[in-house]
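Inspection log for the structure reproduced underneath, given as structure tokens.
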Amino acid sequence: MGDALTAARDAQARQDWQAMFDVASTASVDAPDLEAQRADLLAEAAWWLGRLDDGIAAREQAYRRYDELGNRRRAGMCAVWLWEHHAFAARPAIAGAWLRRARRALGDDPDCVEHGALLLREAETAHGRGDLDLAFDRATRAVALGRTLGSADLEAEGLQTAGRVLIERGETAEGMGHLDEAMLFAVEGRLGPYATGKVYCSLISACEDTGDLDRAAEWTEATMRWARQHPFAIFPGICRVHRAVVLKRSGALVEAEREARRACEELAGSHIANSAAAYAEVGDICRRLGELDRADEAFGTAQQLAGRPCGALALLRLAEGRTAQALTIATGCLRDTTNRLARATVLPILIHVAVAANELSTARDALAELDDIAAAFDTAVLQATALSARGRVDLANGDPAAACAALRHALERWHALGIPYEVATTRTLLGQALRDTGDETGAAEAFTAAAAQFDEIGARLDARLLAGGHTPTLPSGITQREAEVLRLVATGMTNNEIANSLYLSIKTVSRHVSNIFTKTGVTSRTAATAYAFEHGLIEMRP
């Protein structure tokens, strides 16, 4: 029995999770303390293999055995891990119950690593509900305890947790300093695999939130090198989501989609929140690529996993001509988002959609909040984002001169940041503003440059809309894809035939036809055909 557990621990030491799982799952033990250890080792291996439900079952068994033996530290640590596992599985109520059990087991035992692990999870919980003072208190106590006990894992995790809280407070430099200090432990190889992955991914996420894109790209590559050494862990998938974001921002859309889809596969069944984020990234990348049907499918999966739509879905609905629905989605996402940096990603979407819906008071209110956040955090990305949004709102308010000034400043910043999609989008807005000032030559140059840049990065929908230096529109708000379907309807094709021709599902074609009927006000395919001829859609090409 002892030999089997020793073999499992040897496999753990060399991070051979499959061997550890095999030994721990087949070992035969009859002593309660050995059974508790066996179940604990099995849970650890299952977690790293992405077998979350198996890990939860084994960890619960270990908790019961330790609790029966009166081993409060080990029982409490199992309860801490069960909080983590259920939080990963998007079960907050169950996770909270386990955290309360951990507090009961460890609350009166403050001088151990297990208590530090409890403090960290309480800090994360407080941070999640917006109680930054309590979160910072718990995190700094964990750092101090880690230093006292000589636990590099506890100290590093405490530093990264405190750093994230400081960043949300607006103390960006100090917060990043905490994260840098935590990263030193990882770079030096002093951390266990879990703490290493946690610190790496937290730092990358913080870089993305604050717009430190160069730093994010540098650490993403370092993280991927680390993750490749842990091929069965969930961390490659989580890190891959971050890498997809970096690639998307750099304009490598095809590669970004590939990474995001791999993340979807690697995270399936192991981390609900990050799996939803991966699918949402696929959706947004496909939208930029002009693959609206694939974007819709990916966003649908993300919504099923997360239980609510993400903000980027609003931009897809806007591209489809469903402006009212886009506004509802964007408004709802902002209402459900409390973290200021997270709100800063939703606000530009709401401004874009609100302007399209002619809800200018909503756009102005959102811009005021975005300006406040940009001033509080003072990062280059937030400043560029706020300037682009201001140009969009000024243009909608009928002040093209002010829009030109804001958009030129935004364009300079996006250029400096090296984010080509935003450069092209800002040039498009600048072209519209220049056209409204009467500068047709300047407008044509801006549109042409934007179209070329969209085409270069593969943003086919945006490039197509700007072909010829102007933004073509389709009647009744139908989308390019709907116009394509309508042309085939006009040739007499059935839905099945259209689906085969466009490589779509029959369900998707049926939805497009239904949208066409609703938008154009017709009730039959014959009437739709007549509408297509009357509005010159038969000759139009996407």
Side-chain angles (χ1 to χ4, degrees), residues 1-89 91 94-95 97-107 109 111-122 142 146 149 151-154 157 191-198 230 232-235 269-271:
M1 292 183 293
D3 289 345
L5 295 185
T6 298
R9 290 194 179 91
D10 287 344
Q12 180 183 28
R14 63 178 185 271
Q15 297 175 22
D16 186 344
W17 310 117
Q18 188 62 58
M20 181 182 174
F21 182 89
D22 292 342
V23 172
S25 61
T26 58
S28 176
V29 296
D30 52 15
D33 59 332
L34 295 178
E35 173 58 22
Q37 294 175 49
R38 185 201 67 81
D40 214 356
L41 289 166
L42 179 61
E44 177 78 1
W47 189 87
W48 281 105
L49 290 169
R51 300 174 63 163
L52 190 57
D53 289 337
D54 290 339
I56 288 172
R59 197 77 76 180
E60 288 176 346
Q61 184 181 4
Y63 169 83
R64 288 192 296 271
R65 295 290 181 267
Y66 285 130
D67 190 47
E68 290 166 357
L69 291 165
N71 189 336
R72 296 174 64 82
R73 285 188 178 179
R74 292 310 305 160
M77 193 65 223
C78 285
V80 167
W81 278 118
L82 283 162
W83 173 86
E84 191 94 15
H85 299 338
H86 285 290
F88 268 40
R91 301 167 188 150
I94 299 174
W98 279 110
L99 197 59
R100 286 190 291 275
R101 281 192 175 180
R103 167 54 64 177
R104 284 198 297 273
L106 299 167
D109 188 11
D111 300 320
C112 61
V113 170
E114 291 83 357
H115 186 87
L118 169 65
L119 291 173
L120 287 172
R121 276 59 179 191
E122 289 180 337
L149 298 175
S151 171
D153 281 6
L154 184 55
E157 286 191 59
L191 303 181
Y194 178 82
T196 300
K198 184 102 173 182
H230 304 78
F232 300 108
I234 64 162
F235 282 115
S270 62
H271 195 306

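- Residues Arg65 and Glu60 have side chains not in contact (no heavy-atom distance under 4.5 Å, counting atoms from C-beta outward).
- When the salt bridge (Lys or Arg N to Asp or Glu O under 4.0 Å) test is applied to Arg100, no partner is found at least two apart in sequence or on another chain.
- A donor-acceptor pair under 3.5 Å is absent between the side-chain atoms of His86 and the main chain of Arg91, judged by distance alone.
- The two residues Glu114 and Leu106 come nearest to each other via the heavy atoms O-CD1, 3.5 Å.
- Atom-to-atom distance recorded for Leu99:CG and Arg104:CZ is 10.5 Å, nearest 0.5 angstrom.
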Legend entry - Stepwise side chain to side chain contact (heavy atoms under 4.5 Å, CB included) check, Leu154 with Leu120: CA-CA 8 Å; Leu154 184 55; Leu120 287 172; 3.6 Å; yes
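- Note that CD of Gln12 and CG of Asp10 are 10.0 Å apart. Values are rounded to the nearest 0.5 Å.
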Just distance, no hydrogens or angles: give the donor-acceptor pairs under 3.5 Å from side chains in residues 77-84, sequence neighbours left out.
from	atom 1	to	atom 2	distance (Å)
Glu84	OE1	Arg121	NE	2.9
Glu84	OE1	Arg121	NH2	3.3
Glu84	OE2	Tyr194	OH	2.2

Using distance only, find each side-chain donor-acceptor pair of residues 31-40 under 3.5 Å and give its atom names and separation, not counting sequence neighbours.
from	atom 1	to	atom 2	distance (Å)
Glu35	OE1	Arg38	NE	3.1
Glu35	OE2	Arg38	NH2	2.9
Glu35	OE2	Gln61	NE2	2.6
Gln37	OE1	Arg9	NH2	2.5
Gln37	NE2	Asp33	O	3.4
Arg38	NH1	Ala24	O	2.8
Asp40	OD1	Arg59	NH1	2.7
Asp40	OD2	Tyr66	OH	3.3
Asp40	OD2	Arg74	NH2	2.7

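- Between Asp109 and Arg72 there is no salt bridge, since no side-chain N of the basic residue sits under 4.0 Å from a carboxylate O of the acidic one.
- Across all non-hydrogen atoms, the minimal contact from His115 to Gly107 is CE1-O, 4.0 Å.
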Inset, instruction - Under the side chain to side chain contact (heavy atoms under 4.5 Å, CB included) rule, what do Leu5 and Val23 come out as? Steps first, then yes or no, please. - result: CA-CA 8 Å; Leu5 295 185; Val23 172; over 6 Å; no
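- In this structure, Trp17 and Met20 have side chains that are in contact, with non-hydrogen atoms separated by less than 4.5 Å.
- The shortest heavy-atom contact between Leu149 and Cys112 is CD1-C, 3.5 Å.
- To the nearest 0.5 angstrom, Ile56 atom CD1 is 13.5 Å from Arg51 atom CZ.
- Residue Leu191 comes nearest to Asp153 through the heavy atom pair CA-OD1, 3.2 Å, listed as atom of the first residue, atom of the second, then distance.
- When all heavy atoms of Val113 and Ser151 are compared, the pair lying nearest together is CG2-CB, 4.1 Å.
- Taking CG from Leu42 and CZ from Phe21, the interatomic distance works out to 5.0 Å, rounded to the nearest 0.5 Å.
- Contact record, Ala142 with Gly116: CB-O, 4.1 Å, taken as the closest heavy-atom pair.
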Inset, instruction - Give the C-alpha distance, both sets of side-chain angles, the deciding distance and a yes or no for side chain to side chain contact (heavy atoms under 4.5 Å, CB included) between Arg101 and Tyr63. - result: CA-CA 10 Å; Arg101 281 192 175 180; Tyr63 169 83; 3.5 Å; yes
